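Notes follow once the structure below has been shown.
One-based numbering along the sequence shown. Owing to the predicted nature of the structure, the values given are computational and were not obtained by experimental measurement.
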Amino acid sequence: MASLLDALVTGIVYGGIYALLALGLTLQYGVARILNLAYGDFLIAAAVFATLLYQRYQLSPLISLVVLLPASFVVHLLVYHLVFVQLERRRGSWRAMEASSILLAFGLSFVVSGAMLAIFGGQLFSYSYLLVPIQLFGSVVPANRLLALILALAFGAFAYLLLVRTRIGTAIRAIAVDPDGAPLAGIDVRRWAGFTFAFGGLICAATGVLISMFQTFNVPMGVTFTLKALVVVIMGGVGNAVGALFAGLILGVTESFVARFISPGLTLAAVYGLFVLAVLTMRTGIFGRALR
């Protein structure tokens, strides 16, 4: 019973992180119509910078968030306008760009990961931060993982409130529902799609910093995080923030139970299994609709 509780608590902690991980990607794809296959590579880049700032300057990852989040927003905004907008102009429409953007994002993934591999190689990154055991529901959870979960839920709540309680969110959701009809309501599609793509990049960087607090990682792991984000996006429904939360919890709990009761080496296989299952059975996500 104790092992079952430990696995469940660990799964919920990881599930909250995965929900935030997928939220940025689901916004980028659901609004900007860009399936950003370089998402995991940008996440690893943020995690690497947070690690270096801590190791070399003893800068807390909480402070790193203040530095890296605006930087990630600007970088993704530049990538959007300098790369994907140019593709949209060549294709003539957002819908025509959607398929081609996958290949472009795939190439971008190679550029980002290749640059980091050239600089850092395959070395493993990690640092000790808040390695203090905390009793939670009869289970022991490291303080850094619990803090990461709390911050992930806070970021997710902020993003959700931005989408459903503000005029900016109304414009973003209108573009997600009908990018062709949104201009008729006076909405600048390119402007707000770019903002959403950059905001998704901000969430991506936040997730990377949080993951760096408790997990050992290296540059090639970017593709693994992209896959996990895709699994959650498909299961939760494109553009559905609440669906991403539930799908993230499902993925986190599944990984935890497989690692605890079967084999840690099979966690990635479980992720692939969920991915195949989601593709075959969940075309519209858990709730059967996009965020409205």
Side-chain angles (χ1 to χ4, degrees), residues 6 9-24 38-76 112-136 139-156 201-229 248 251-252 255-256 259-260 264-265 267-268 271:
D6 286 344
V9 171
T10 301
I12 291 174
V13 170
Y14 274 93
I17 301 296
Y18 291 153
L20 183 66
L21 166 70
L23 181 58
Y39 190 82
D41 301 296
F42 281 112
L43 181 148
I44 290 294
V48 168
F49 279 113
T51 303
L52 294 178
L53 287 173
Y54 185 85
Q55 291 176 341
R56 297 181 182 181
Y57 305 105
Q58 289 72 53
L59 196 65
S60 166
L62 302 182
I63 304 299
S64 297
L65 286 170
V66 179
V67 176
L68 294 176
L69 265 57
S72 181
F73 184 92
V74 172
V75 168
H76 279 81
V112 177
S113 62
M116 289 194 294
L117 279 172
I119 298 172
F120 303 109
Q123 66 174 300
L124 294 172
F125 292 89
S126 66
Y127 57 93
S128 298
Y129 180 75
L130 287 181
L131 283 176
V132 180
I134 293 179
Q135 290 286 338
L136 184 66
S139 179
V140 178
V141 180
N144 52 11
R145 295 188 182 186
L146 187 59
L147 178 61
L149 173 62
I150 293 171
L151 291 175
L153 294 177
F155 278 116
L202 182 150
I203 293 175
C204 173
T207 310
V209 175
L210 297 182
I211 287 175
S212 74
M213 291 167 51
F214 63 86
Q215 182 169 330
T216 300
F217 62 92
N218 60 6
V219 173
M221 286 179 65
V223 65
T224 301
F225 285 110
T226 299
L227 173 64
K228 291 180 179 181
L251 179 60
E255 277 195 358
S256 179
R260 179 63 63 92
T267 54
L268 190 57
V271 173

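With values rounded to the nearest 0.5 angstrom, Leu210 atom CG is found 8.5 Å from Leu62 atom CG. Note: Asn144 CG to Ile134 CD1 = 9.0 Å, rounded to the nearest 0.5 Å. Between atom SG of residue Cys204 and atom CG of residue Leu23 there is a gap of 11.5 Å, rounded to the nearest 0.5 Å. Going from atom CD1 of Ile44 over to atom OG1 of Thr226 covers 9.0 Å, rounded to the nearest 0.5 Å. Between Leu146 atom CG and Met213 atom CE the span is 9.5 Å, to the nearest 0.5 Å. Atoms CD1 and OG1, on Ile211 and Thr216 in that order, are 12.5 Å from each other to the nearest 0.5 Å.
Sorted by first and then second residue, the pairs that involve residues 53-63 and meet side-chain hydrogen bond (donor to acceptor under 3.5 Å, both in side chains), not counting sequence neighbours, are Ser60-Tyr129. A side-chain hydrogen bond (donor to acceptor under 3.5 Å, both in side chains) check over residues 62-73, counting only residues at least two apart or in different chains, returns the pairs Ser72-His76.
Shown here are the side chain to side chain donor-acceptor pair (under 3.5 Å) partners of Tyr18, two or more places apart in sequence or in another chain: Lys228, Glu255. With sequence neighbours excluded, the residues satisfying side-chain contact (heavy atoms from CB on, under 4.5 Å) with Pro220 are Leu117, Asn218. Remark: Ala46 pairs with Ala205 by the side-chain contact (heavy atoms from CB on, under 4.5 Å) rule, at least two apart or across chains. Here Ala47 pairs with Ser212, Phe217 under the side-chain contact (heavy atoms from CB on, under 4.5 Å) rule; sequence neighbours left out.
Considering all non-hydrogen atoms of both residues, Leu20 and Tyr39 come closest at O-OH, 4.2 Å. Scanning all heavy atoms of the two residues, the minimum distance from Arg145 to Thr10 falls at NH1-CG2, 4.1 Å. Across all non-hydrogen atoms, the minimal contact from Thr267 to Ala259 is CG2-CB, 3.6 Å. Closest non-hydrogen pair, Ser113 versus Asp41, comes out as CB-OD1, 3.4 Å. Closest approach of Pro61 to Tyr127, counting heavy atoms only: CB-OH, 3.5 Å. Phe225 and Gly40 get closest at one heavy-atom pair: CB-CA, 4.2 Å.
The local environment of CZ in Phe125 is crowded, with over 12 non-hydrogen atoms from other residues, nucleotides or ligands closer than 6.0 Å.
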Before giving the answer on side chain to side chain contact (heavy atoms under 4.5 Å, CB included), spell out for Phe42 and Val75 the whole-Å C-alpha distance, their side-chain angles and the decisive distance to 0.1 Å. CA-CA 10 Å; Phe42 281 112; Val75 168; 4.3 Å; yes

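For the pair Val271 and Thr224, the minimum side-chain heavy-atom distance is 4.5 Å or more.
Screening Thr207, Leu153, Leu151 against Ile17 for a side chain to side chain contact (heavy atoms under 4.5 Å, CB included) leaves a single residue, Thr207.
Side chain of Tyr14 to backbone of Leu251: no donor-acceptor contact under 3.5 angstrom is found.
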